[in-house]
Amino acid sequence: MNVTLALKAALLGFIEGLTEFLPVSSTGHLILIGHYLNFESPGHSFEVLIQLGAILAILLVYSGRLWGLAKGMFTDHQARVFVLGVLIAFLPAALIGVEMHSTIKNVLFNPFVVCISLIAGGLVLLAVDEMRLSVRHEDVSTFTPLMCLKIGLFQCLAMIPGVSRSGATIVGAMLSGASKRAAAEFSFFLAMPTMAGAFTYDLYKNHKLLSFQDATAIGIGFVVAFITGIVVVRSLLGFVTRHGFAPFAWWRIVVGCFGLAAYFVYG
């Protein structure tokens with residue numbers, strides 16, 4: 001592997017770790033930046049497979065909570081209901097993702113779709129952040145299975161690159177009565193099965209296309225995403241509690257507008 005490719009992989013890994021848990025679309029950012037860096041991955045697998053780093057980051061940060069839930073599955077009714085709720089929220093995206101995997105990658109993974117989605121999603125996030133919504137759930141452990149299903153249906157919108165998995169789940173949770181902090185935290189928990197499923201399925205579909213150089217680039221991106229993801233997960237909830245989601249909404253709109261300008265100028 002040459003140094004230039006390694007540096008590109010490291011930069012994209014940093015972008016993945018920075019944006020995966022923010023409502024700004026990590027995949028959208030990777031597609032845009034990869035496009036203008038002239039970075040190519042067979043079947044766009046790099047963008048999906050380096051998510052393993054972000055998965056491990058959140059598993060590390062939430063290891064105590066996860067261990068508590070694992071033990072509570074046998075003794076605590078509320079813990080069982082919460083785990084069931086996360087699985088219910090995961091199912092819609094899992095079913096649609098398997099059914100439309102090739103179509104999504106072949107048709108929607110392009111800069112124009114990403115930019116439009118970034119801008120539209122930013123406007124929606126800005127509007128929802130300003131709404132005076134009735135908050136009925138301050139803690140993720142109180143989310144009902146029906147509420148989790150609604151959030152899972154919102155997550156399906158993130159099949160469109162640029163929409164943002166965390167952004168869609170956060171909006172769905174807030175519209176269902178969750179506080180901003182609880183909405184963001186539930187997006188963390190839902191990320192675990194969703195991203196693990198996407199990683200496993202993409203590796204199964206595309207592993208034969210990957211060369212040693214591709215695997216090395218993915219490894220570099222994975223490590224950088226892991227380190228960056230730890231920092232983001234540990235700081236995001238406090239930031240959201242203080243500032244809400246408006247900064248991320250404007251981030252999306254600005255990136256989408258600059259991306260569109262670059263697309264029409266440079267292609």
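At most 12 non-hydrogen atoms from other residues, nucleotides or ligands lie less than 6.0 angstrom from CZ of Phe258.
Under the 6.0 Å cut-off for aromatic ring centres, Tyr36 and Tyr263 do not qualify, their centroids lying 6.0 Å or more apart. When ring centroids are compared, Phe82 and Phe143 stay outside the 6.0 Å threshold.
Distance check, rounded to the nearest 0.5 Å: CG of Asp202 to CD of Glu47 gives 9.0 Å. Taking CH2 from Trp67 and CG from Leu69, the interatomic distance works out to 11.5 Å, rounded to the nearest 0.5 Å. From Thr27, atom OG1 reaches atom CD1 of Ile104 across 10.5 Å, with rounding to the nearest 0.5 Å. Taking CD1 of Ile88 as the reference point, atom NZ of Lys150 lies at 13.0 Å (rounded to 0.5 Å). For the atom pair Lys180 NZ and Leu237 CG, the distance stands at 14.0 Å (nearest 0.5 Å). Taken from NE2 in His207 to CG in Leu49, the straight-line distance is 11.5 Å, to the nearest 0.5 Å.
Judged purely by atom type and a 3.5 angstrom limit, Asn206 has no side-chain atom pairing as donor or acceptor with the backbone of Leu209. For the pair His137 (side chain) and Thr142 (backbone), a donor-acceptor distance under 3.5 Å is present. In this structure a side-chain-to-backbone donor-acceptor pair under 3.5 Å is present from Arg242 to Gly238. Under a 3.5 Å cut-off, the side chain of Arg136 and the backbone N or O of Ser176 do form a donor-acceptor pair. For the pair Asp129 (side chain) and Phe245 (backbone), a donor-acceptor distance under 3.5 Å is present. Remark: the backbone N or O of Met73 is paired with a side-chain donor or acceptor of Arg80 at under 3.5 angstrom. Formation of a donor-acceptor pair under 3.5 Å by the Ser117 side chain with backbone atoms of Gly162 is not found in this model. Side chain of Thr194 to main chain of Ala191: no donor-acceptor pair is present (N/O by atom type, distance under 3.5 Å, no hydrogens or angles). At distances below 3.5 Å, not a single donor-acceptor pair connects side-chain atoms of Arg181 with backbone N or O atoms of Asp139. Between the side chain of Ser41 and the backbone N or O of Phe46 there is at least one donor-acceptor pair closer than 3.5 Å.
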- Message: Working note: Ile58 + Phe189, criterion side chain to side chain contact (heavy atoms under 4.5 Å, CB included); need CA distance, chi angles, decisive distance, verdict.
- Response: CA-CA 9 Å; Ile58 199 168; Phe189 281 102; over 6 Å; no

- Message: side chain to side chain contact (heavy atoms under 4.5 Å, CB included), that's the test. Do Thr19 and Trp251 meet it? Break it down for me.
- Response: CA-CA 11 Å; Thr19 59; Trp251 174 347; 4.1 Å; yes

- Task: Check step by step if side chain to side chain contact (heavy atoms under 4.5 Å, CB included) holds for Val224 and Leu12.
- Result: CA-CA 9 Å; Val224 178; Leu12 292 171; over 6 Å; no

- Go through the steps for Ser164 and Ser166 under the test side-chain hydrogen bond (donor to acceptor under 3.5 Å, both in side chains), then give the verdict. CA-CA 6 Å; Ser164 169; Ser166 60; 3.3 Å; yes

- Could you go through the side chain to side chain contact (heavy atoms under 4.5 Å, CB included) check for Ile253 and Trp250 one step at a time? CA-CA 5 Å; Ile253 292 168; Trp250 287 113; 4.0 Å; yes

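Residues Val255 and Leu32 form a side-chain contact, since some pair of their non-hydrogen atoms from C-beta on lies under 4.5 Å apart. Within the 4.5 Å cutoff, the side chain of Phe222 has heavy atoms near those of the Leu56 side chain. Two residues are said to be in side-chain contact when any heavy atoms from C-beta on lie closer than 4.5 Å; Met174 and Thr169 fail this criterion. Using a 4.5 Å cut-off on side-chain heavy atoms (C-beta onward), Val114 and Ser25 make no contact. Leu11 has its side chain within reach of Leu37: a pair of non-hydrogen atoms, C-beta onward, lies under 4.5 Å apart. Between His35 and Asn110, every side-chain heavy-atom pair lies at or beyond the 4.5 Å cut-off. At least one side-chain heavy atom of Val86 sits under 4.5 Å from a side-chain heavy atom of Phe186. Counting heavy atoms from C-beta on, the side chains of Leu175 and Phe154 come closer than 4.5 Å.
In terms of hydrophobic clustering, with Ile, Leu, Val, Met, Phe, Trp and Tyr side chains grouped at heavy-atom distances under 4.5 Å, Leu84 and Leu190 are assigned to different clusters. By the rule that hydrophobic residues join a cluster once side-chain heavy atoms approach within less than 4.5 Å of another member, Leu146 and Leu91 end up as members of separate clusters. Hydrophobic cluster membership differs between Phe199 and Leu95, with clusters built from Ile, Leu, Val, Met, Phe, Trp and Tyr side chains linked at under 4.5 angstrom. Both Ile230 and Phe21 belong to a common hydrophobic cluster when Ile, Leu, Val, Met, Phe, Trp and Tyr are linked at side-chain heavy-atom distances under 4.5 angstrom. Ile227 and Tyr62 fall within the same hydrophobic cluster, defined by Ile, Leu, Val, Met, Phe, Trp and Tyr side-chain heavy atoms under 4.5 Å apart, directly or through other members.
The shortest heavy-atom contact between Cys115 and Gly259 is SG-C, 3.4 Å. The minimum heavy-atom distance between Val240 and Phe248, with the atom names listed, is CG2-CE1, 4.2 Å. Here the closest non-hydrogen pair linking Pro92 and Gly152 is CB-O, 3.9 Å. Residues Met159 and Ala93 share a closest heavy-atom pair of CE-O, 3.0 Å. Between Ala198 and Val48, the closest heavy-atom pair is O-CG1, 3.6 Å. When all heavy atoms of Ala182 and Glu138 are compared, the pair lying nearest together is CB-O, 3.7 Å.
Exactly one of Leu59, Val83, Val61 qualifies for a side chain to side chain contact (heavy atoms under 4.5 Å, CB included) with Leu66. That residue is Leu59. The side chain to side chain contact (heavy atoms under 4.5 Å, CB included) test with Pro161 is passed by exactly one of Leu118, Ile31, Leu30: Ile31.
Salt bridge status for Glu20 with Arg165: present, with a side-chain N to carboxylate O gap under 4.0 Å. Using a cutoff of 4.0 Å between basic side-chain nitrogens and carboxylate oxygens, Lys71 and Asp76 are not scored as salt-bridged. The residues Arg65 and Glu185 are annotated as salt-bridged, a charged nitrogen and a carboxylate oxygen being separated by less than 4.0 angstrom.
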